[in-house]
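Predicted model only: the values in this text are computed from it and were never measured. For the single chain, residues carry numbers from 1 onward in sequence order. Counting starts at 1 for both ligands and their atoms, following the listed order.
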Amino acid sequence: MPITLGIIGCPIGHSISPVFQQAALDSKQLHASYQAWEIPPMGLAGFVKTFREEKYLGINVTVPHKEAVIPYLDELDPNATSAGAVNTIVNLSGKLVGYNTDTYGFLQGLKAERGFTCGGKKVLLLGAGGAARGVLQALIQERVSECVIANRTRSRAEGLVTAGLNMGIDCKAIGMTWEELSLAAVNADLIVNCTTIGMAHTMNEGSSPLQPQQIPPTALVYDLVYNPRETMLMKEAKIAGAKALGGLNMLIHQGAYSFYIWTGLKAPINVMYNAAQKALK
Ligand code: NAP
């Protein structure tokens, strides 16, 4: 029986996971197809239920389902439990197990910025959704000294602060007004955008959460948004004299880890990267 994998999200048009995951499956000559399903929040429970069927092997989970999907799963790996967010599900003969590979992907992506280490650094984390949860786990693991979490809905940022404080990181939540962001950004060594601001195929396309005058030239600005490859935030960072890193490397590495979870095989990183680059042109 052909195996089916795929990604669920809403919207899903921006995702290039189908392109590079299919290229990886084909290069390993696996008889499998990787699809994209646009599932609104109301349809999530019903859709996940169908994944217990034998033909489904795995799913990636993206905006806005990474937290909401958890109650429908049977088991979580320890990192997904700590993060409170799942981006990868494997179907083990009807049992659905959730993982969070964003944590790994984030750190692998950061390796592209040679010489930058998170340990002891001050971080401004923008966003408090599913991706921010995975990234916060990485920042905790790397022992950053301070993490300010800014979110449009401040109460959601407060939920993440507790996780950081419990692990001994100096954490606080703020809103996303100009004043709050300016005060927090001025001290930051690393600024990470985990919001959907700037993402292609959305109303936020072409926008940036920060302006150049708010970005210190000594900071590294890491935008998780990978479509477009150079976001408005990355452009603003460069205008400010800061370094900017996009989300493509992270995307490939989180996807490579998902591929390994599903197949037990080492992912063909170069095949995935080349397919992703082509898709973004
Ligand atoms: P999510 O759970 O839906 O969270 C979305 C976040 O964006 C929330 O913090 C939300 O704030 C904020 N937001 C949305 N619209 C906003 C606006 N107009 N102004 C201010 N804040 C706004 O989504 P997610 O799964 O965390 O994904 C977030 C982004 O990261 C997406 O662009 C996704 O593609 C990207 N991502 C990239 C990778 C990668 O490998 N490169 C991996 C994971 C995610 P509220 O809480 O106030 O709604």
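- Taking a cut-off of under 4.0 Å to the non-hydrogen atoms of Lys66, the atoms of ligand 1 that pass are 25 (O), 43 (C), 44 (C).
- The proximity of Ser207 to ligand 1, defined as any non-hydrogen pair under 4.0 Å, does not occur for either the backbone or the side chain.
- Scanning the protein for heavy atoms near atom 23 (O) of ligand 1, the closest one is Val63 CG2, 3.5 Å.
- Numbered from 1 in the order shown, with element, the atoms of ligand 1 that lie under 4.0 Å from a heavy atom of Gly129 read 2 (O), 4 (O), 9 (O), 26 (O).
- The atoms of ligand 1 that sit less than 4.0 Å from any heavy atom of Pro64 are 3 (O).
- Among all protein heavy atoms, the one lying closest to atom 28 (C) of ligand 1 is Cys194 O, 3.3 Å.
- Which of Arg152, Glu67, Met199 comes nearest to atom 32 (O) of ligand 1 through a heavy atom is settled by distance: it is Met199.
- Ligand-side atoms of ligand 1 in range of Gly127: 9 (O), range being under 4.0 angstrom from any heavy atom.
- One option in Thr196, Leu126, Asn227, Asp102 has a heavy atom closer to atom 42 (C) of ligand 1 than any other, and that option is Asp102.
- In this structure, Tyr257 is a member of the same hydrophobic cluster as Trp262, with clusters built from ILVMFWY side-chain heavy atoms closer than 4.5 Å.
- The minimum heavy-atom distance linking Cys118 with Val144 is given by the pair O-CG1, 3.5 Å.
- The closest approach between Ala128 and ligand 1 falls below 4.0 Å for a heavy atom of the residue.
- Between the side chains of Glu53 and Thr50, not a single donor N or O lies within less than 3.5 Å of an accepting N or O.
- The protein non-hydrogen atom at the shortest distance from atom 29 (C) of ligand 1 is Thr195 O, 3.4 Å.
- Of the polar atoms of Leu248, none of the N or O atoms is found under 3.5 Å from an N or O of ligand 1, judged by distance alone.
- Asn79 and Tyr104 form no side-chain donor-acceptor contact under 3.5 Å, judged by distance and modelled atom types alone.
- Between Lys121 and Glu146 there is no salt bridge, since none of the side-chain N atoms of the basic residue sits less than 4.0 Å from a carboxylate O of the acidic one.
- Of the candidates Asn193, Thr62, Asn151, the one placing a heavy atom closest to atom 11 (O) of ligand 1 is Asn151.
- Listed by number with element, the atoms of ligand 1 under 4.0 Å from a non-hydrogen atom of Gly130 are 2 (O), 26 (O).
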Could you check Trp37 against Phe51 for ring pair (Phe, Tyr, Trp, His ring centres under 6.0 Å), going step by step and ending with a plain yes or no? CA-CA 12 Å; Trp37 296 287; Phe51 274 98; 5.3 Å; yes

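- Within the listing of ligand 1, atoms 39 (C), 41 (N) sit less than 4.0 angstrom from a heavy atom of Gly247.
- Close contacts of ligand 1 with Thr153, meaning ligand atoms under 4.0 Å from a residue heavy atom, involve 45 (P), 46 (O), 47 (O).
- Contact atoms of ligand 1 toward Val225: 32 (O) (distance under 4.0 Å to a heavy atom of the residue).
- Closest heavy-atom approach to atom 20 (C) of ligand 1 among the candidates Ile197, Thr202, Val192: Ile197.
- When all heavy atoms of Met176 and Leu181 are compared, the closest pair comes out as O-CD1, 3.7 Å.
- The cationic group of Lys278 does not satisfy the cation-pi geometry with Phe20, failing either the under 6.0 Å distance to the six-membered ring centre or the 45° limit from the ring axis.
- Some N or O of Arg156 is nearer than 3.5 Å to an N or O of ligand 1, by distance alone.
- Ile149 CD1 to Arg156 CZ: the interatomic distance, rounded to the nearest 0.5 Å, is 12.0 Å.
- A tilted orientation is assigned to the rings of Tyr226 and His14, their planes being inclined by 30° to 60°.
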